[in-house]
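What follows is a single structure, written as structure tokens, with notes after it.
Note that the coordinates shown come from a computational prediction; the quantities given were computed from them, not determined experimentally. Numbered from 1 within each chain, the chains take letters A, B, ... in sequence-line order.
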Amino acid sequence: MGDEIRRNMALFPIGIVMKLTDLSARQIRYYEQHQLIVPARTSGNQRLFSFNDVERLLEIKALIDKGVNIAGIKQVMNPVNKESQEATVITNDTEEKRKVLTDSQLYRMLKQELVTGGKRPGQVSLIQGELSRFFKQ
DNA sequence: ATTCTTACA
DNA sequence: TGTAAGTA
């Protein structure tokens, strides 16, 4: 179950997630208020998002674009499970080890995610189509 | 320089 | 949702 841990690792600050999803900070925080995502927090109260968080945000974005409101999204999306939340609790030790992700490191991980496809077989990952714009040739 | 919360447009 | 204010 190592892949799940990887997808639940808290890695990105909101600024990067904004670029990854093309969502505003206001929107991202708003969706968190409604429990659509539960990003981890650093000891300094800063949000740290995981690949799963980013994927969920992309799904939310797709639904919003379809005209679905928050209430509708809550019905369609499965709620954030306990394991995810536990896995994203940031200890001081974790925070120290995380360091700052360089762009090259980030893109490397994103490419890995594209190869993996994210999620499980059966449900097509939205991350691939959405994030492909970061690898325009 | 970034992010956070609160509150008003 | 956008944005401004005052912090951390």
Counting N and O atoms only, with roles assigned by atom type, does the side chain of A:Asp53 sit under 3.5 Å from a partner on the main chain of A:Ser50, one being a donor and the other an acceptor?
yes

Could you tell me whether the phosphate oxygens of B:dT6, OP1 or OP2, come under 4.0 Å of any side-chain nitrogen or oxygen in A:Arg26?
no

Once you apply the 3.5 Å cut-off to both distances, tell me the Watson-Crick or G-U wobble partner of B:dT3, or none.
none

Can you check the A:Tyr30 OH to B:dT5 P distance for me, whole Å?
16 Å

Is any side-chain heavy atom of A:Gln27 closer than 4.5 Å to a side-chain heavy atom of A:Thr21?
no

How long is the line joining CZ of A:Arg29 and C1' of B:dT5, in whole Å?
8 Å

A side-chain contact here means heavy atoms from C-beta on lying under 4.5 Å apart; do A:Pro79 and A:Gln35 qualify?
no

Sub-4.5 Å side-chain heavy-atom contact between A:Leu23 and A:Tyr31
yes

Side chains of A:Arg41 and A:Arg47 in contact at under 4.5 Å (non-hydrogen atoms)
yes

Mind checking A:Arg47 for me? I need base, sugar-phosphate or nothing, with any heavy atom below 4.0 Å counting as a touch.
sugar-phosphate

Given atom CZ of A:Phe12 and atom C1' of B:dT2, what is their separation to the nearest angstrom?
17 Å

When the distance from CZ of A:Phe49 to P of B:dT2 is rounded to whole Å, what number comes out?
16 Å

How about A:Ile70 and A:Tyr30: do any of their side-chain heavy atoms sit closer than 4.5 Å?
yes

Between A:Glu32 (CD) and B:dT5 (C1'), how many Å, whole number?
12 Å

A:Gln46 or A:Ile64, whichever maps to the more 5' nucleotide of DNA chain C:
A:Ile64

To the nearest angstrom, the CZ-P distance between A:Arg41 and B:dT3 comes to 13 Å

What range of DNA chain C does chain A touch, first nucleotide to last, counting atoms under 4.0 Å from its heavy atoms?
C:dT1 to C:dT3

Side-chain touch A:Ile37/A:Ile60, heavy atoms, less than 4.5 angstrom
yes

Could you check how far NZ of A:Lys19 sits from P of B:dT3, rounded to whole Å?
9 Å

